[in-house]
Amino acid sequence: MPELLVTLAGIADPVRPFERTAGDEVQGLVEDPRQVADLVVHALRERRWWIGIGAGVVEGPLPDTTRAGRGPAYVYAREAVERAKSEPQPVCVRAEDTGPAEDAETALWLLAGLLSRRTGAGWEAVDAMADGGTQRSAAAGLGITAQAMSSRLAVAGWTEERRGRTLAAHLLAACDPEQKNH
């Protein structure tokens, strides 16, 4: 659990930080749908978490801690995490408007399916590209040829993951009436 909190803290700039709420559950408040998609990818990588995303209103004023928050977004997140425990992929989305929520959930399920098939070598190649360098420099860092790096990234679905994250973020934004106006 502590390692998940450390990982999540390094990925996003949350409105309220992630914290342990009960048992093996963590909760955070994130406004940027791109960061939500990034957080989901990192949680999916460990293959041991159920992820519930609630999109909607958070009652103000915001409390000091995430667990003290209230509003429909929190209710939707609870419903989503409970539902994730019985779905084909361990991530669910809930919002007032069920159409966009289902679309976002579908994109995240497809992304989850892709990531669940990624090998250790695939993760190593994707991680080597995380700093935004070239494939050639990443390959040199791994001690492999540029051709081998290209092959690893293709098998790992690196391009598909990047596009899937973007799609999921757009669909998550459509779930939240506040985001639709920005």
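All values reported here derive from a predicted model rather than from experimental measurement.
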Between [X] (side chain only) and [Y] (backbone N and O only), is there a donor and an acceptor less than 3.5 Å apart?
{"X": "Arg16", "Y": "Pro63", "result": "yes"}
{"X": "Thr106", "Y": "Glu102", "result": "yes"}
{"X": "Glu19", "Y": "Arg67", "result": "yes"}

Should [X] and [Y] be counted in the same cluster of Ile, Leu, Val, Met, Phe, Trp and Tyr side chains packed under 4.5 Å apart?
{"X": "Leu62", "Y": "Val75", "result": "no"}
{"X": "Leu110", "Y": "Leu39", "result": "no"}
{"X": "Val36", "Y": "Val41", "result": "yes"}
{"X": "Met129", "Y": "Leu44", "result": "no"}

Using a 4.5 Å cut-off on heavy atoms from C-beta on, say whether the side chain of [Y] contacts that of [X].
{"X": "Arg152", "Y": "Trp158", "value": "no"}
{"X": "Arg118", "Y": "Glu161", "value": "yes"}
{"X": "Trp49", "Y": "Val26", "value": "no"}
{"X": "Leu108", "Y": "Ile51", "value": "no"}

At their closest point, which heavy atom of [X] faces which heavy atom of [Y], and how far apart are they?
{"X": "Val91", "Y": "Ala84", "answer": "N-CB, 4.0 Å"}
{"X": "Thr66", "Y": "Leu29", "answer": "CG2-N, 4.1 Å"}
{"X": "Ala125", "Y": "Leu142", "answer": "CA-CD1, 4.1 Å"}
{"X": "Val30", "Y": "Pro14", "answer": "CG2-CB, 4.1 Å"}
{"X": "Ala156", "Y": "Leu114", "answer": "O-CD1, 4.2 Å"}
{"X": "Cys175", "Y": "Ala95", "answer": "O-CB, 3.8 Å"}

Crowding at [atom1], [X] (>12 non-hydrogen neighbours, <6.0 Å):
{"X": "Glu124", "atom1": "CD", "value": "yes"}
{"X": "Asp64", "atom1": "CG", "value": "no"}
{"X": "Arg136", "atom1": "CZ", "value": "no"}
{"X": "Gln147", "atom1": "CD", "value": "no"}

Walk me through whether Leu111 and Val40 qualify under side chain to side chain contact (heavy atoms under 4.5 Å, CB included).
CA-CA 9 Å; Leu111 195 53; Val40 168; 5.8 Å; no
Spacing of [X] atom [atom1] and [Y] atom [atom2] [to the nearest 0.5 Å]:
{"X": "Leu115", "Y": "Arg47", "atom1": "CG", "atom2": "CZ", "result": "8.5 Å"}
{"X": "Glu160", "Y": "Leu167", "atom1": "CD", "atom2": "CG", "result": "13.0 Å"}
{"X": "Leu8", "Y": "Gln27", "atom1": "CG", "atom2": "CD", "result": "12.5 Å"}
{"X": "Thr134", "Y": "Met149", "atom1": "OG1", "atom2": "CE", "result": "9.0 Å"}

Show, in sequence, the C-alpha distance, side-chain angles and deciding distance for Glu59 and Tyr74, and conclude whether the side chain to side chain contact (heavy atoms under 4.5 Å, CB included) test is met.
CA-CA 10 Å; Glu59 292 177 10; Tyr74 285 91; over 6 Å; no
Please test Asp127 against Arg45 for side chain to side chain contact (heavy atoms under 4.5 Å, CB included), starting from the C-alpha separation and ending with a verdict.
CA-CA 12 Å; Asp127 290 344; Arg45 181 175 183 164; 2.7 Å; yes
Using salt bridge (charged side-chain N to carboxylate O under 4.0 Å, His left out), reason through Arg78 and Glu25 one step at a time and then give a plain yes or no.
CA-CA 11 Å; Arg78 166 58 44 207; Glu25 293 185 9; 2.4 Å; yes
Could you walk me through whether Asp38 and Arg165 pass the side chain to side chain contact (heavy atoms under 4.5 Å, CB included) check?
CA-CA 7 Å; Asp38 292 344; Arg165 284 184 193 217; 2.7 Å; yes
Could you tell me whether Arg94 and Glu82 have a side-chain N and a carboxylate O separated by less than 4.0 Å?
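No salt bridge links Arg94 with Glu82.
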Does the distance from a Lys or Arg side-chain N to an Asp or Glu carboxylate O, for Glu79 and Arg83, drop under 4.0 Å?
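A salt bridge is absent here (no side-chain N lies under 4.0 Å from a carboxylate O).
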With clusters built from Ile, Leu, Val, Met, Phe, Trp and Tyr whose side-chain heavy atoms come within less than 4.5 Å, directly or transitively, what are the remaining members of the cluster of Trp50, listed by chain and number?
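For the cluster that includes Trp50, the remaining residues are Val81.
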